Amino acid sequence: MIGVELRLMLCRRRVWLCWGLLCALPALIAALLAGTGIAPAPGQGGAFLSSVMSNGQLFPAAALAIVLPVFLPITVAVVSGDAVAGEANAGMLRYLLVRPVGRLRLLLAKLVSTAAFVLLAVLFVTITAYVVGVAAFGFGPDAAAGGAGAVTSLSGTVLTPAQLAERTLFTVGYLALCMLAIGAIGLFFSTLTDSPLAAALGVLAVVVTSAALLPLEAADAVERYLPTTHWLAWIDLYRDPIAWSAVREGAGVQLTYVAVAFGAAWANFATKDVTS
């Protein structure tokens, strides 16, 4: 069942369109920066954008910061919202369940398919941004302590290419987990309605509400539990020493959302009449 869902996901044109658009936006920004030679001043613009013109190896981090607030959650909302609601809307869900396929097994397959989508989305953005960044801005000047290809961390220390690659992989995993939490919420909404659009809008409503509450002092009591609170904790991976406590707390919150949202989706889907 999981293999079938993965193949269906990879064969859908809208999935590849989402991946293509996610990769196109950072590439466009890199072209503008390289063409104009104008970079944001330090502290302005997206994270790392002020540093990429001196070292293209940092552009993957800048690209992830660009797509994270809006574009990545939208694509996850669209794909996860379609997971069950799309099948129900097309009239295929009742035929799937007539076959000897348990509802829990089907829902798990949908979650795994969503997880594959978000992981590949983050990976594609990272790989595309690295190729585009190095092509547009080069590897940067040699760092005295790190040799060729070394980069300077946000704390001013020198990172070797191996250290940078390791931290980038951690970033990919962390952001994939954050987006999986959004995908699990989308899966829950997808079991509530037969409309993929309504399910996607429900996910976006959660994201927008969470983002709107963050700057409010009145929401301080719940701030650490909001889904978007820890989205930028990965930036600490590019500092020395790494603030692992913030990353671990963020990962714990996202895993909780995955478990709770999937449990809610299962509770609703297990009793939902989809065959009438």
Side-chain angles (χ1 to χ4, degrees), residues 1-12 14-15 18 72-122 173-210 222 225-231 249-276:
M1 191 66 197
I2 291 176
V4 171
E5 286 296 328
L6 290 175
R7 284 193 295 273
L8 286 175
M9 185 264 292
L10 291 173
C11 290
R12 286 174 176 149
R14 62 177 174 269
V15 168
C18 287
L72 192 53
I74 287 176
T75 59
V76 175
V78 169
V79 171
S80 62
D82 185 65
V84 177
E87 303 277 12
N89 187 56
M92 294 299 297
L93 190 57
R94 62 174 61 94
Y95 296 109
L96 279 174
L97 296 177
V98 165
R99 301 172 62 190
V101 177
R103 296 193 180 198
L104 178 58
R105 185 180 173 189
L106 177 62
L107 210 58
L108 278 171
K110 297 290 186 182
L111 182 65
V112 171
S113 176
T114 302
F117 170 81
V118 299
L119 179 59
L120 287 173
V122 179
Y174 182 82
L175 286 182
L177 177 58
C178 291
M179 290 302 103
L180 179 58
I182 297 301
I185 294 173
L187 190 60
F188 167 63
F189 280 110
S190 190
T191 65
L192 296 177
T193 176
D194 292 346
S195 170
L197 177 59
L201 289 176
V203 180
L204 295 178
V206 171
V207 173
V208 171
T209 301
S210 175
V222 298
Y225 306 110
L226 296 175
T228 59
T229 297
H230 305 279
W231 278 7
E249 181 180 2
V253 170
Q254 304 305 324
L255 283 171
T256 301
Y257 270 102
V258 172
V260 171
F262 182 78
W266 160 240
N268 181 67
F269 191 55
T271 57
K272 184 176 181 179
D273 182 11
V274 296
T275 58
S276 60

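Everything quoted here is computed from the prediction, not taken from an experiment.
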Participant: I need the Phe189 CZ to Ser80 OG distance, nearest 0.5 Å.
Facilitator: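 Here the rounded value is 10.0 Å.
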Participant: Checking side-chain contact (heavy atoms from CB on, under 4.5 Å) for the pair Trp231/Val207: CA distance, chi angles, key distance, verdict?
Facilitator: CA-CA 11 Å; Trp231 278 7; Val207 173; 4.0 Å; yes
Participant: Let me confirm one number: the CG-CG distance from Leu111 to Leu106, rounded to the nearest 0.5 Å.
Facilitator: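 The CG atom of Leu111 sits 11.5 Å away from the CG atom of Leu106.
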Participant: Roughly how far, to the nearest 0.5 Å, is CE of Met179 from CZ of Phe117?
Facilitator: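 Output value for this atom pair is 11.0 Å.
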Participant: Work out which heavy atom in Ala85 is nearest to a heavy atom in Pro196; give both atom names and the distance.
Facilitator: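 It is CB-N, 3.7 Å.
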Participant: To the closest 0.5 Å, what do you measure between OG1 (Thr229) and CD (Gln254)?
Facilitator: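 Separation between the atoms: 9.0 Å.
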Participant: Looking at Ala116 and Met9, what are the two nearest heavy atoms and their distance?
Facilitator: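 Smallest interatomic distance, heavy atoms only, reads CB-CE, 3.7 Å.
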Participant: Once rounded to the nearest 0.5 Å, what's the spacing between atom CG of Leu177 and atom CG of Leu255?
Facilitator: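 Atom-to-atom, Leu177:CG and Leu255:CG are 4.5 Å apart.
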Participant: I need the minimum non-hydrogen distance between Val118 and Ala176, along with the two atoms involved.
Facilitator: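 Heavy-atom minimum between the residues: CG2-O, 3.7 Å.
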Participant: Go through the steps for Asp82 and Arg14 under the test side-chain contact (heavy atoms from CB on, under 4.5 Å), then give the verdict.
Facilitator: CA-CA 11 Å; Asp82 185 65; Arg14 62 177 174 269; 2.5 Å; yes
Participant: Find out whether Leu8 and Ser113 are in side-chain contact, i.e. whether some heavy atom of one side chain is under 4.5 Å from a heavy atom of the other.
Facilitator: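 Leu8 vs Ser113: side chains apart.
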Participant: Between the side chain of Ser210 and the main-chain N/O of Thr228, is any donor-acceptor distance below 3.5 Å?
Facilitator: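 Such a contact is found between Ser210 side chain and Thr228 backbone.
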Participant: Please give me the minimum heavy-atom distance between Ala109 and Glu5, naming the atom from each residue.
Facilitator: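 Reported closest heavy-atom pair: CB-CG, 3.6 Å.
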Participant: Is any side-chain heavy atom of Leu120 less than 4.5 Å from a side-chain heavy atom of Leu10?
Facilitator: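 Contact flag for Leu120/Leu10 side chains = yes.
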Participant: Taking only residues two or more places apart in sequence, or in another chain, which ones meet Leu107 in a side chain to side chain contact (heavy atoms under 4.5 Å, CB included)?
Facilitator: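 If we apply the side chain to side chain contact (heavy atoms under 4.5 Å, CB included) test to Leu107, skipping adjacent residues, the hits are Val84, Leu187, Thr191, Phe262, Ala265, Trp266, Phe269.
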Participant: Under the 3.5 angstrom rule, does the side chain of Tyr257 hit a backbone N or O of Tyr225 as a donor-acceptor pair?
Facilitator: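 Yes; at least one donor-acceptor contact below 3.5 Å.
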Participant: Looking at residues at least two apart in the chain, or sitting in another chain, which of them share a salt bridge (Lys or Arg N to Asp or Glu O under 4.0 Å) with Arg7?
Facilitator: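 Counting only residues at least two positions away or on another chain, Arg7 forms no salt bridge (Lys or Arg N to Asp or Glu O under 4.0 Å).
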Participant: Would you indicate whether the side-chain heavy atoms of Leu192 and Asn268 approach each other to under 4.5 Å?
Facilitator: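 Of all side-chain heavy-atom pairs linking Leu192 with Asn268, at least one is under 4.5 Å.
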Participant: Would the distance check show the side chain of Ser190 and the main-chain N or O of Gly186 forming a donor-acceptor pair, the cut-off being under 3.5 Å?
Facilitator: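 Pair absent, no side-chain N/O of Ser190 close to backbone of Gly186.
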Participant: Ignoring hydrogens, what is the shortest heavy-atom contact between Ala199 and Gly81? Give both atom names and the distance.
Facilitator: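 That closest heavy-atom pairing would be CB-O, 3.5 Å.
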Participant: Checking Thr256 side chain against Gly252 main chain: does a donor-acceptor pair fall under 3.5 Å?
Facilitator: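 Yes; at least one donor-acceptor contact below 3.5 Å.
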Participant: Nearest 0.5 angstrom please: Ile182 CD1 to Ile74 CD1, how far?
Facilitator: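 Between atom CD1 of Ile182 and atom CD1 of Ile74 there are 12.0 Å.
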